[in-house]
**Student:** 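Handing you a structure now.
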Amino acid sequence: MAAPKKGRSASAQSKPGRSLALILIAIVGLTAGMFASGHTTPRLGIDLAGGTSITLEAKSDQGSAINKANMDTAVEIMNRRVNGLGVSEAEVQTQGSRNIIVNIPKGTNSEKAREQVGTTAKLYFRPVLAQEATGSAAASPSASPSGSSSASPSPSASASGTGEKATSSSSPSASATSQGRSVTDALKADSTPSASASAKASSSASPSASASGGAAVTADDAALQAKYAALDCSKESVRAKTGEGVKPEDTTVACGEIDKVWYKYLLGPAAVDGTEVDKAQAVYDTQTAAGWQVTMDFNKSGAKKFATITGQLAQNTQPQNEFGIVLDGNVVSSPYVSSSITGGQAQISGSFTQEEAQGLANMLSYGALPLSFQEQSVTTVTAALGGDQLHAGLLAGAIGLLLVVIYLVAYYRGLALIALASLLVSAALTYVLMALLGPAIGFALNLPAVCGAIVAIGITADSFIVYFERVRDEIREGRTLRPAVERAWPRARRTILVSDFVSFLAAAVLFIVTVGKVQGFAFTLGLTTVLDVVVVFFFTKPLMTLIARRKFFASGHKWSGLDPKSLGAQPPLRRTRRPGGPAAGPVETKEA
C-alpha cells in the first residue's frame, strides 16, 4: 500500500486547531471591542425604537439644478438643523437622486425637528411695508404684537444691533389703504429697497401724498393691495399658499404669529439673502438681564447690505422701520431698528424663551437650502409599537431557528451538533458586528434587517447541508469517515462558494438599486452571507476534521448520522484486465 502524499489536504487535516483558534480569537477580540466602545447592543432603527421618518422630494423651482452637489449640501444643512435642536442620533440621507430621508428618533424635540426640516424654502430679510392682526384678533382695537424689537447700535466697539419684537397697535395709519398706496408710490419711483423705504417714509408722514400717489395705481399694485386686504392669516389653508411662486425681487404678502395671534404683512423686495448669514446662535445675556437673545454674523456682502437696509428703515415710523425675517413664506420674526447697524453683527432680543431663541437661531443659520423640497410622506412609530415589532421579529427568528434545529436533528442526528455550533458562531459574529457597525457607519437594525437575518439562517444551514451530503455520498461509495471528510470538501467548497456568491450578488444589487429600509435587508443579507463563508471555512470544516477522529462518528454509530448501513453504502468495485486475457473478477478498492 502506497504511502499518502503530503500536501495541502494532509496539512489541513492534521492541523484543524489553527483555524478554530483563529476564529475564536476573532470572536473574543470583536467582543472586547464591543464592550470597550460601550455599544453592547445593535442600534435600532426608527421602526423598532420609535420615532419619525420623513421623505422629502427635491424641486427645481428655485432655479437650482437637482444634482449630487446640491443634494449633499441640503443633507448637510438639514442634519445641522436637526442636531442644532439637540436631537441625538438623527439620520439624514439621500434616497435616489431626488429624495432625502430624515429619521428622527423618539425624543422630546422630534416634533420641532420635523417642523424645521420640513421648512425648506430660502431665508430672506424683507422690509415691512404694512402689518396688522387678522382673524378674530383684528376686531379688537387692543390687538397688538406682544413683544417687539429694537435694533440699535450696541455701546461696544463692534457695531452690533439689539432688537425685540415690535409693539404696534392696529391704527388707521397702518390700514391696508394707506399702506397699499405707500407701496404703490415706492414701486413707481424705484423697485429697490432704498426707494421703497423713502417712499414709505414720505407717504406715512403725509396722507395727501398717499392720496396723490394712488391716482397712478397700476393693475399689479391694485391686485397686491386687494390680496393684502383680503388676507386672513388665521386660516391654515391661506397661510400655506402665501409664499407660493414668490421671487426675491417681488413685493409680497406673508403671515407671522406673535403670542398666538396671526398677523399679515406686506413686504418689500428681499434686501438680504439668508445665505449671507455666516452664523447665528442663541445666547443668554446675564449682564443686562435681557434674557435670551439671538446673535447674527453676516459675511462681507451681507454686512454691507444689512447696514444699508437698517439705515433706511431707521428713518421710518413703525411698522415701516421693521424688517421681516421670512422663511418658507412665513415671517418668523420682525424686529425694528432705530439706527444703522454696521460691522456685520446684530442681536435680536425680546421676550424669548430658550426654545424660541434656539429655533430662530437655527432658522437663521441653516435656513438657506439650495433646493426646495416637498414633503412626500411622514411615518411616525411609537416606542411601544416598535417594541412589538421587534418582539414579533425575534419570535419569527426563534421559530425559524427551532424548525431548522428540528430538521437537522431528525435527519442528521449527531451531525446536528456541528451545525448548531456553527450557527451559534455565526450568530455571535453577526451580533457583535451589528453592534460595532452602529457607531462606526451608522448601521441601524430595522425590521427588514431582522428579516434579512432570519433568511440568513436558511442560507447558513444550506451550506452545512451541502457539505454533510457530500460526506455521506463518499461514505456510500465505501470510504471511511476521515478520507470521506477530506474528499468531500473540495466539491462541497465549490458549491458553497457559488451559492453564496449568487446570494451576495443579489444582496449587493438590491442594496444599490433600492433605497430606504429595503437597504437594511440587503445589507444584513450580504453581511451574513460573507460570515457564512468565514464560518464554513474556519469553523465547520476544521470541526468536521476533528470529529472524524472520534470513535462515535468514525465507527459509523447509528446516531451519528454517518452509519454506512443506514446510508446504503456498498463496497466499491474495480475490474482489471490482464493483457491479452479475459477480465479479472472484482477487486475491492483500497485507500491509503
Side-chain angles (χ1 to χ4, degrees), residues 7-24 400-401 403-430 455-504 525 528-550 552-564 566-569 591:
R8 298 167 60 184
S9 176
S11 176
Q13 182 178 2
S14 61
K15 298 180 180 179
R18 289 185 178 180
S19 298
L20 293 175
L22 183 62
I23 194 168
L24 292 177
L401 181 60
L403 292 176
V404 170
V405 170
I406 292 174
Y407 170 78
L408 291 173
V409 172
Y411 194 75
Y412 290 105
R413 300 186 180 182
L415 288 177
L417 296 176
I418 300 174
L420 292 177
S422 301
L423 284 173
L424 290 175
V425 170
S426 180
L429 285 172
T430 302
V455 172
I457 296 175
I459 295 177
T460 305
D462 182 62
S463 298
F464 307 151
I465 291 172
V466 169
Y467 187 27
F468 294 163
E469 287 300 324
R470 289 293 188 185
V471 173
R472 287 155 70 106
D473 286 342
E474 294 293 331
I475 293 176
R476 288 188 183 98
E477 293 180 3
R479 295 180 177 86
T480 57
L481 181 58
R482 293 182 67 174
V485 167
E486 300 306 321
R487 289 177 64 90
W489 174 241
R491 297 180 182 180
R493 177 180 59 198
R494 188 182 307 113
T495 305
I496 291 170
L497 287 176
V498 171
S499 176
D500 284 344
F501 175 76
V502 172
S503 297
F504 182 81
L525 184 61
T528 51
T529 301
V530 173
L531 290 179
D532 175 50
V533 175
V534 173
V535 171
V536 169
F537 274 70
F538 291 92
F539 186 81
T540 306
K541 167 57 175 61
L543 191 59
M544 279 292 293
T545 301
L546 287 179
I547 66 106
R549 302 172 183 177
R550 298 292 178 263
F552 177 81
F553 291 95
S555 62
H557 193 281
K558 65 177 182 179
W559 287 103
S560 67
L562 298 170
D563 180 16
S566 300
L567 296 176
E591 298 180 11

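Positions are given from 1, in the same order as the sequence printed here.
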**Student:** I would like to know whether Glu486 and Thr545 meet side-chain contact (heavy atoms from CB on, under 4.5 Å); could you show each step before the answer?
**Tutor:** CA-CA 8 Å; Glu486 300 306 321; Thr545 301; 3.3 Å; yes
**Student:** Please check if the distance between the ring centroids of Phe537 and Trp489 is under 6.0 Å.
**Tutor:** yes
**Student:** To the nearest 0.5 Å, how far apart are CD1 in Ile547 and CG in Leu481?
**Tutor:**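 Here the rounded value is 5.5 Å.
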**Student:** Hey, could you give me each pair passing side chain to side chain donor-acceptor pair (under 3.5 Å) that has a residue in residues 411-421? Not counting sequence neighbours.
**Tutor:** Tyr412-Glu469
**Student:** Can you tell me how far CZ of Arg470 sits from CD1 of Ile475, rounded to the nearest 0.5 angstrom?
**Tutor:**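 CZ of Arg470 is found 14.0 Å from CD1 of Ile475.
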**Student:** Might you point out which heavy atoms bring Leu20 and Leu543 nearest each other, and give the distance in Å?
**Tutor:**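 The pair with the smallest heavy-atom distance is CD2-N, 4.3 Å.
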**Student:** My understanding is that only residues two or more places apart in sequence, or in another chain, count here; which of them pass ring-ring contact (aromatic ring centres under 6.0 Å, His included) with Phe464?
**Tutor:**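 Expected list: none.
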**Student:** Atom CG in Leu424, atom CZ in Phe539: separation rounded to 0.5 Å?
**Tutor:**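 Going from the CG atom of Leu424 to the CZ atom of Phe539 covers 8.5 Å.
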**Student:** Kindly compute the distance separating CZ (Phe538) from CZ (Arg18), expressed to the nearest 0.5 Å.
**Tutor:**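 Reported value, rounded in 0.5 Å steps: 13.0 Å.
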**Student:** Grab the two heavy atoms, one from Ala548 and one from Ala554, that are nearest each other, plus how far apart they are.
**Tutor:**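 The pair with the smallest heavy-atom distance is O-CB, 3.4 Å.
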**Student:** Among all residues two or more places apart in sequence or in another chain, which pass the side chain to side chain contact (heavy atoms under 4.5 Å, CB included) test with Ala428?
**Tutor:** none
**Student:** Would you say Thr528 and Thr460 make side-chain contact, with heavy atoms under 4.5 Å?
**Tutor:** no
**Student:** Give the intermediate values and the outcome of side-chain contact (heavy atoms from CB on, under 4.5 Å) for residues Val536 and Lys541.
**Tutor:** CA-CA 6 Å; Val536 169; Lys541 167 57 175 61; 5.6 Å; no
**Student:** Got a list of side-chain donor-acceptor pairs under 3.5 Å for residues 494-503, not counting sequence neighbours?
**Tutor:**
residue : atom : partner : partner atom : Å
Thr495  : OG1  : Arg491  : O            : 3.2
Ser503  : OG   : Ser499  : O            : 3.3

**Student:** Not counting sequence neighbours, which residues clear side chain to side chain contact (heavy atoms under 4.5 Å, CB included) with Leu531? List them please.
**Tutor:**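 Side chain to side chain contact (heavy atoms under 4.5 Å, CB included) list for Leu531, sorted by chain: Leu429, Thr430, Leu433, Leu527.
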**Student:** Taking C-beta and beyond as the side chain, do Leu408 and Leu415 meet within less than 4.5 Å on heavy atoms?
**Tutor:** no
**Student:** To the nearest 0.5 Å, what is the distance between CD (Glu474) and CZ (Arg479)?
**Tutor:**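 It comes to 4.5 Å.
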**Student:** With sequence neighbours left out, write down each residue that passes salt bridge (charged side-chain N to carboxylate O under 4.0 Å, His left out) with Asp473, or none if nothing qualifies.
**Tutor:**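 Residues passing salt bridge (charged side-chain N to carboxylate O under 4.0 Å, His left out) with Asp473: Arg476.
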**Student:** Taking the side chain as C-beta and beyond, is there a heavy-atom pair between Arg482 and Val485 under 4.5 Å?
**Tutor:**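 Heavy-atom side-chain distance check fails, nothing below 4.5 Å.
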**Student:** Can you check whether Phe468 reaches Ile418 side chain to side chain, under 4.5 Å on heavy atoms?
**Tutor:** yes
